[in-house]
There are 4 protein chains.
Amino acid sequence: MPKVGMEEIRKEQVITAAKNCIVSKGLSNLSMKDIAAQAGVSTGIIYHYFESKEVLLMQVLKSSFRQSHEKVMETVEPLNPPEEKLMKHLENINLVPKDNPEYMTVFLNYMGEAIHNPNIRAMVNKLFKNLTDYTGNYLQHVTTDEQQLKNLPMMIIGFGIGLGTMWTLNNELYDIEEMDELLKDVITSYLAIKNGGDNE
Amino acid sequence: MPKVGMEEIRKEQVITAAKNCIVSKGLSNLSMKDIAAQAGVSTGIIYHYFESKEVLLMQVLKSSFRQSHEKVMETVEPLNPPEEKLMKHLENINLVPKDNPEYMTVFLNYMGEAIHNPNIRAMVNKLFKNLTDYTGNYLQHVTTDEQQLKNLPMMIIGFGIGLGTMWTLNNELYDIEEMDELLKDVITSYLAIKNGGDNE
Amino acid sequence: MPKVGMEEIRKEQVITAAKNCIVSKGLSNLSMKDIAAQAGVSTGIIYHYFESKEVLLMQVLKSSFRQSHEKVMETVEPLNPPEEKLMKHLENINLVPKDNPEYMTVFLNYMGEAIHNPNIRAMVNKLFKNLTDYTGNYLQHVTTDEQQLKNLPMMIIGFGIGLGTMWTLNNELYDIEEMDELLKDVITSYLAIKNGGDNE
Amino acid sequence: MPKVGMEEIRKEQVITAAKNCIVSKGLSNLSMKDIAAQAGVSTGIIYHYFESKEVLLMQVLKSSFRQSHEKVMETVEPLNPPEEKLMKHLENINLVPKDNPEYMTVFLNYMGEAIHNPNIRAMVNKLFKNLTDYTGNYLQHVTTDEQQLKNLPMMIIGFGIGLGTMWTLNNELYDIEEMDELLKDVITSYLAIKNGGDNE
DNA sequence: CATGAATGAGCGTTCATTCAT
DNA sequence: TATGAATGAACGCTCATTCAT
């Protein structure tokens with residue numbers, strides 16, 4: 001009898017149920033009863049797996065971030081030339097709200113909480129760091145200007161978060177493919193001028 | 001006897017109290033009792049001025065947006081050369097989270113609600129439209145490329161919202177003055193290449 | 001300036017407004033604000049004329065009973081032969097819910113309160129006594145049997161109250177004219193047998 | 001482990017508690033807190049068994065009506081000659097306010113609500129129909145006149161409701177045994193004359 | 001006299017959490 | 001493990017009553 005791992009499976013079940021509830025009804029309308037019903041378990045058992053609602057909510061966020069991260073890795077890393085990696089990365093950033101709207105929804109639902117809840121805040125900041133680090137890595141291979149490497153990744157991620165927010169709240173605001181092209185264009189122009197200027 | 005406007009003053013009092021509560025404790029921990037205590041009034045009187053908690057919350061958002069808008073107008077509009085206006089505008093966008101952290105806090109607290117609450121969503125979308133329209137206006141005088149005018153404003157605002165979010169959650173993430181310079185640089189580079197390319 | 005009586009007029013205005021509110025929305029949904037709005041006055045002034053909501057409610061009941069009483073007097077008393085008076089009285093009893101549905105509505109709304117509120121209870125009991133006394137008076141001229149005079153009036157009034165209640169809650173339950181005929185028939189039959197039996 | 005029916009027992013407990021509260025303090029002074037205290041449970045659990053206060057209140061009325069109905073069935077149905085059944089029925093009608101004062105109290109408390117609450121109104125009307133139907137059944141065996149069968153039952157029930165109301169508000173108004181005799185006398189006289197007249 | 005802003009206790013209801021089974 | 005009945009504090013909201021104007 002494969003009892004080992006059963007607990008993890010159950011936990012994942014509850015986390016997924018909670019995520020679905022957040023996506024469909026919002027974090028502020030999330031009740032343990034709803035989660036239990038969605039997961040097909042009793043409310044009591046949730047407390048066997050998670051200390052409290054807050055702990056469960058942390059795990060939901062963690063799981064969301066992990067899934068998103070894995071997705072990025074799968075599509076960007078296999079590519080070879082550094083420029084291609086960067087471009088694919090920029091494309092990914094633009095596509096998040098369309099390809100993974102649930103991710104953006106969860107993210108936005110936690111934003112307000114992040115300000116006052118140190119645990120959530122720390123987790124979100126860790127995500128920001130991860131994202132900028134990866135972007136920095138990809139940039140590292142197409143430029144050598146230290147100053148650029150410092151702030152440009154943050155700017156790119158900021159752009160992704162901001163436009164993702166806007167598109168999630170109104171997906172007729174802009175055409176994602178067009179925006180993708182613009183972003184690539186803007187970044188490329190900037191790098192060209194900077195690197196070109198250096199070369200001359 | 002200056003009775004006229006008394007109601008508006010009282011309403012503003014309550015709205016300000018609610019805003020303070022949101023900033024200090026978060027939207028999800030906001031109770032009418034807290035607001036009343038913060039405003040120094042009874043819970044009952046709030047319902048004399050506002051139909052419901054939801055209506056009050058809408059007014060809080062509206063008020064936040066209006067104040068932010070006024071601030072921008074004051075600093076950008078008096079300037080004269082279009083390039084200066086655009087640069088001041090970009091600077092303002094970068095400075096929002098530092099100069100007006102309460103504004104960003106309120107904004108972030110409403111993001112999660114905006115997804116499922118149509119009224120809040122509509123108001124946030126209206127804000128996005130306003131912001132991009134203004135940015136478009138300033139860009140209009142430094143470029144003539146229609147395609148750029150379409151998506152570049154959105155990109156700039158997206159950048160402002162995203163970086164504002166990141167900085168609000170971790171104000172050691174980057175130096176605002178440096179980021180300001182980078183943004184101006186990136187936008188200027190892009191416009192230079194595009195306009196330069198057109199001229200040739 | 002005819003100030004005298006002004007107070008009474010105002011009071012009547014408020015009482016009428018309260019009655020209208022009870023009829024249209026029910027006693028349990030009656031608020032002082034509603035009454036004030038309906039009467040076209042402020043809530044404050046109501047407390048100038050009536051000590052409390054309860055006192056006002058008493059006056060509403062009193063007024064209702066008085067109006068109903070006056071109506072009966074107008075139609076029954078002018079008639080001359082005693083039998084005619086009794087028959088007209090029985091007819092009136094049957095017609096109350098149709099001719100004066102507002103009276104029945106007010107009455108029914110106060111029934112529950114009468115049980116626990118001694119003042120209302122006393123007033124309702126006084127009404128019952130009035131009604132049975134009048135019925136007794138009319139009967140007095142068509143029979144001499146003391147025992148009949150004791151309980152028959154109560155029975156007749158009980159019938160009026162009960163059927164009035166039923167008809168008010170479902171005015172398709174029976175035809176009022178038919179019921180009128182039946183009541184007259186039943187009472188006449190009973191008196192005929194009793195008086196006839198006595199005579200023989 | 002007798003788990004089955006436990007829910008029904010609990011529900012009945014709460015309904016009984018609510019009924020007791022209505023009897024002792026009145027429907028208009030009935031709070032969920034009172035009911036919970038009277039039932040010896042928490043306020044929260046009531047909402048586990050009943051959707052809302054209104055639903056609970058409906059069940060209270062239903063339960064009251066059912067109990068009253070059962071009582072009538074027990075005493076009337078076993079009797080054999082039809083005349084005896086009718087007389088016992090008339091007796092029962094007279095005895096309700098004395099034997100079952102709580103039933104009358106509950107009934108009177110709901111009267112005002114019945115006018116504006118469609119659900120209560122429907123339930124009360126159903127009770128009226130039941131009562132008149134039963135009365136009609138008993139009459140059916142002692143008379144053949146169709147017209148009598150149509151309205152006489154309603155008249156008898158109206159009488160019961162009206163006098164029950166009066167007696168509940170003042171139980172010194174009349175002697176129930178005397179009134180019982182009078183009612184039987186009146187009905188018997190009427191039927192005698194009608195049937196006698198038919199026979200001639 | 002008259003207003004209506006202001007109070008605050010109390011309402012019906014919800015829900016995170018516990019615990020007997 | 002697993003259930004869901006049970007708790008009770010806290011919520012949004014109402015409204016009889018008061019009082020400064």
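Sequence lines set the chain letters: A, B, ... in the order given, protein chains first and strands last, and positions in each chain run from 1.
- Residue contacts shown for C:Ser52 are limited to sugar-phosphate atoms, with no base heavy atom under 4.0 Å away.
- Heavy-atom minimum distance, C:Ile120 versus C:Glu113: CD1-CB, 3.8 Å.
- By the 6.0 Å contact criterion, CD on C:Glu51 is open, its count of non-hydrogen atoms from other residues, nucleotides or ligands being 12 or less.
- One finds no side-chain N or O of C:Lys33 lying less than 4.0 angstrom from the OP1 or OP2 phosphate oxygen of F:dC15.
- Counting non-hydrogen atoms under 4.0 angstrom, C:Leu30 reaches the backbone sugars and phosphates but no base.
- The shortest distance between the side-chain N/O atoms of C:Arg10 and the OP1/OP2 oxygens of E:dC1 is not below 4.0 Å.
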Applying side-chain contact (heavy atoms from CB on, under 4.5 Å) to C:Leu61 and C:Phe107, what does each step give before you reach the verdict? CA-CA 8 Å; C:Leu61 191 59; C:Phe107 179 82; 5.8 Å; no

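- Distances shorter than 4.0 Å separate some side-chain N or O of D:Tyr47 from OP1 or OP2 on E:dT13.
- To the nearest angstrom, P of F:dA10 lies 11 Å from CG of B:Asp34.
- Across the strands present, F:dG4 finds its partner in E:dC19; the criterion is a Watson-Crick or G-U wobble pair with both atom distances under 3.5 angstrom.
- Both C:Ser28 and D:Gly44 lie near DNA chain F, and the one whose nearest nucleotide falls closer to the 5' end is D:Gly44.
- Between the NZ atom of B:Lys25 and the P atom of F:dA10 there is a distance of 11 Å, given to the nearest Å.
- Look at C:Ser42 and you won't find any side-chain N or O under 4.0 angstrom from OP1 or OP2 of E:dG4.
- Distance CG (D:Asn29) to P (E:dC11): 9 Å, rounded to an integer number of Å.
- Comparing atom distances between the C:Val41 side chain and each of E:dT3, F:dA2, E:dT7 picks out E:dT3 as nearest.
- At a threshold of 4.0 angstrom between heavy atoms, the contacts of A:Thr43 include nucleobase atoms, whether or not backbone atoms are also involved.
- Between the NZ atom of A:Lys53 and the C1' atom of E:dT18 there is a distance of 17 Å, rounded to whole Å.
- Atom CD of C:Gln38 has more than 12 neighbouring heavy atoms from other residues, nucleotides or ligands inside a 6.0 Å radius.
- Distances shorter than 4.0 Å separate some side-chain N or O of B:Tyr49 from OP1 or OP2 on E:dA6.
- Other residues, nucleotides and ligands place more than 12 heavy atoms under 6.0 Å from the CD atom of C:Gln13.
- Counting to the nearest Å, the P atom of E:dA16 and the CG atom of A:Leu27 are 11 Å from each other.
- Rounding to whole angstrom units, CE of residue B:Met6 and P of F:dT21 are separated by 10 Å.
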Show your reasoning for whether side-chain contact (heavy atoms from CB on, under 4.5 Å) applies to A:Phe50 and A:Lys11. CA-CA 8 Å; A:Phe50 303 92; A:Lys11 281 181 104 167; 3.9 Å; yes

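- Residue order along DNA chain E, read from the 5' end via each residue's closest nucleotide, puts D:Ser31 first among A:Glu54 and D:Ser31.
- One interatomic measurement links the two molecules: CE of B:Met32 to P of F:dT14, which rounds to 10 Å at whole-angstrom precision.
- Atom-to-atom, CD1 of A:Ile9 to P of F:dT1 comes out at 12 Å; the value is rounded to the nearest Å.
- Using a 4.0 Å heavy-atom cutoff across all strands shown, A:Leu56 reaches no nucleic acid atom at all.
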